[in-house]
Amino acid sequence: MIAFLFRVVINALALAAATWIVPGITVTSAPSMDATLGVVLAYLVVGLVFGLVNAVVRPIVSLLSTPITCLTLGLFTLIINAAMLLLTSWLTQYLPIGLHVGTFFWDAVIGAVIISIVSALLGWFSPSKR
């Protein structure tokens, strides 16, 4: 359970880095009494949705796109990551907290690259499964 919560926090921090660097990616928070608490909860909820999308949908898409991933020597994985970011954006539009991605190519692909790098760097600190 601790490892799962740690992954949600890592996803939230990676999404925060992407929204800070890429101007086309924004996270809107629900109105609350404390603005900082609302922003932190927004990133945590979007990080949870992003983690669930990556855990449920991404393996299926990766399996079905194995031939094109092999043909492009793995570069199609960037497109899959960007599609998962857009799927998260679409799913969170039904929540009071939302992730908004401007365009597919520049915003989603660059955001997916940033999220992958930050998640990999922060993943080194995650507790190991024993």
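The analysis underlying the following values was restricted to heavy atoms, covering all of them including side chains, and did not include hydrogens, waters or symmetry mates.
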Compare every heavy atom of [Y] with every heavy atom of [X], then report the nearest pair and how far apart it is.
X: Asp107; Y: Gly102; value: OD2-CA, 3.4 Å
X: Ala17; Y: Val118; value: CB-CG2, 3.9 Å
X: Phe50; Y: Leu15; value: CB-CD1, 4.2 Å
X: Gly123; Y: Arg7; value: CA-NH1, 4.0 Å
X: Pro23; Y: Ile21; value: CD-O, 3.5 Å
X: Phe104; Y: Ala83; value: CE1-N, 4.2 Å

Verify side chain to side chain donor-acceptor pair (under 3.5 Å) between Tyr43 and Ser29, making sure each step is shown before the conclusion.
CA-CA 8 Å; Tyr43 279 111; Ser29 62; over 6 Å; no
Under the side chain to side chain contact (heavy atoms under 4.5 Å, CB included) rule, what do Asn11 and Leu48 come out as? Steps first, then yes or no, please.
CA-CA 7 Å; Asn11 282 337; Leu48 175 67; over 6 Å; no
Point-to-point distance, once rounded to the nearest 0.5 Å, from [atom1] of [X] to [atom2] of [Y]:
X: Ile110; Y: Leu85; atom1: CD1; atom2: CG; result: 12.0 Å
X: Thr88; Y: Leu86; atom1: OG1; atom2: CG; result: 8.5 Å
X: Ser119; Y: Trp124; atom1: OG; atom2: CH2; result: 12.5 Å
X: Leu64; Y: Ile68; atom1: CG; atom2: CD1; result: 12.0 Å
X: Leu121; Y: Ser116; atom1: CG; atom2: OG; result: 11.0 Å
X: Leu78; Y: Thr72; atom1: CG; atom2: OG1; result: 9.0 Å

Please tell me if the side chains of [X] and [Y] come closer than 4.5 Å, counting only heavy atoms from C-beta onward.
X: Thr92; Y: Ile97; value: no
X: Leu5; Y: Val9; value: no
X: Thr28; Y: His100; value: yes
X: Ile79; Y: Phe105; value: no
X: Asn81; Y: Ile115; value: no
X: Ser62; Y: Thr69; value: no
X: Ile25; Y: Val22; value: yes

Please check if Ile80 and Val56 belong to a single hydrophobic cluster, counting links between Ile, Leu, Val, Met, Phe, Trp and Tyr side chain heavy atoms closer than 4.5 Å.
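Yes, Ile80 connects to Val56 through the hydrophobic network.
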I'd like to know whether Thr77 forms a side chain to side chain contact (heavy atoms under 4.5 Å, CB included) with Arg58, so could you lay out the CA-CA distance, the side-chain angles of the two residues, the decisive distance to 0.1 Å, and finally the verdict.
CA-CA 10 Å; Thr77 307; Arg58 186 170 184 232; 3.6 Å; yes
Side chain to side chain contact (heavy atoms under 4.5 Å, CB included) with Val45: of Val27, Val40, Leu99, Leu95, only one passes, and it is Leu95
